Amino acid sequence: MQNSQFSRGSHYEQSLIHTLISDHSFAEQLLEVLDPSFLSLDHLREIVNIMNNFRKEFKTYPSFKLLVSIVAKEVQSELLKTECLNFLRAIEKTSLNGDSDYIKKSSLDFCRKRSLMTALEKVLELAEGSNYEQVVSVVQKSLELGAERDIGHIFTDHLEERMANIKRSTVATGWQPIDKILGGGLGRGELGAVIAPSGFGKSF
């Protein structure tokens, strides 16, 4: 690693990993789509792998000091270990100086571009092997990376607001115990249904 802390060609990637280490909420969002292969430097890929493995086992991410300890203890290659530790020492002494906002905004686009580049390389391999039927699937999967997913209505959201007392224009049923339960009767746009087992007086 160069003494300038961040080599010119990899500054964005190193700033990206710096932001991931510094902000675990951001890491939780991005590491779902950030494949280590998107990164051009071995030591950055190694750090991402360590963070992913730690998250799988402990459901959280390691602190900076613990990350340094894990690298020192678990990375087998001495060269790779040295590169990882040099990077961690560099970011410990380097402030992002507001760069994190830009990194967070542009990170998904970075992942999508790298994913598409990987897909195009795969497409060339498939084309050489005349496996044309797989081309569309490979490209489509790449384009879907990070796409928003509609999971439907979340009923727990704003529950208190929905359960708050709302002024209703009601019509009394004439059955006082029921009117009391219904808050004065049935409101406009509401449908009342009487449910009970057989023989409990529904017809009455």
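Everything numeric here is computed off the predicted structure, so don't read it as measured data.
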If you measure from SG on Cys84 to CD1 on Ile50, what distance do you get to the nearest 0.5 Å? 6.0 Å
Regarding Arg89 and Asn86, do their side chains bring together a donor and an acceptor under 3.5 Å, going by distance alone? yes
Please round to the nearest 0.5 Å and tell me the distance separating atom NZ of Lys93 and atom CG of Leu88. 12.0 Å
Is there a donor-acceptor pair closer than 3.5 Å between any side-chain N or O of Asp179 and the backbone N or O of Thr173? yes
Treating Glu13 as the side-chain partner and Ser40 as the backbone partner, does any N or O pair qualify as donor plus acceptor under 3.5 Å? yes
Output yes when Asp109 and Lys113 qualify as a salt bridge under the 4.0 Å nitrogen-oxygen rule, no when they do not. yes
Are the charged groups of Arg55 and Glu28 less than 4.0 angstrom apart, N to O? yes
Looking only at side chains, do Asp99 and Ser15 share a donor and an acceptor under 3.5 Å apart? no
Counting heavy atoms not belonging to Lys122, are there more than 12 under 6.0 Å from its NZ? no
Please examine the side chains of Leu31 and Asn52, heavy atoms only from C-beta on, and report whether any two atoms are closer than 4.5 Å. yes
Results of side-chain contact (heavy atoms from CB on, under 4.5 Å) for Arg45 - residues two or more places apart only: Pro36, Leu39, Asp42
Residue pair Phe38, Phe110: steps toward the ring pair (Phe, Tyr, Trp, His ring centres under 6.0 Å) verdict: CA-CA 9 Å; Phe38 296 165; Phe110 166 81; 7.2 Å; no
Write out all pairs satisfying ring pair (Phe, Tyr, Trp, His ring centres under 6.0 Å) with one or both partners inside residues 89-108, taking only residues at least two apart or from two chains. none
Flag, side chain of Asp23 to backbone of Thr19, donor-acceptor distance under 3.5 Å: no
Between Asp35 and Arg114 (salt bridge meaning N to carboxylate O under 4.0 Å), is one present in this structure? no
So how far is it from Leu96 CG to Ile91 CD1, rounded to the nearest 0.5 Å? 8.0 Å
Are Phe26 and Leu44 connected in a single hydrophobic cluster, I mean Ile/Leu/Val/Met/Phe/Trp/Tyr linked by side-chain heavy atoms less than 4.5 Å apart? yes
Taking only distance into account, with no hydrogens and no angle test, what donor-acceptor pairs under 3.5 Å do side-chain atoms of residues 61-74 form with protein atoms, sequence neighbours excluded?
| residue | atom | partner | partner atom | Å |
| --- | --- | --- | --- | --- |
| Ser63 | OG | Leu66 | N | 3.3 |
| Ser69 | OG | Lys65 | O | 3.2 |

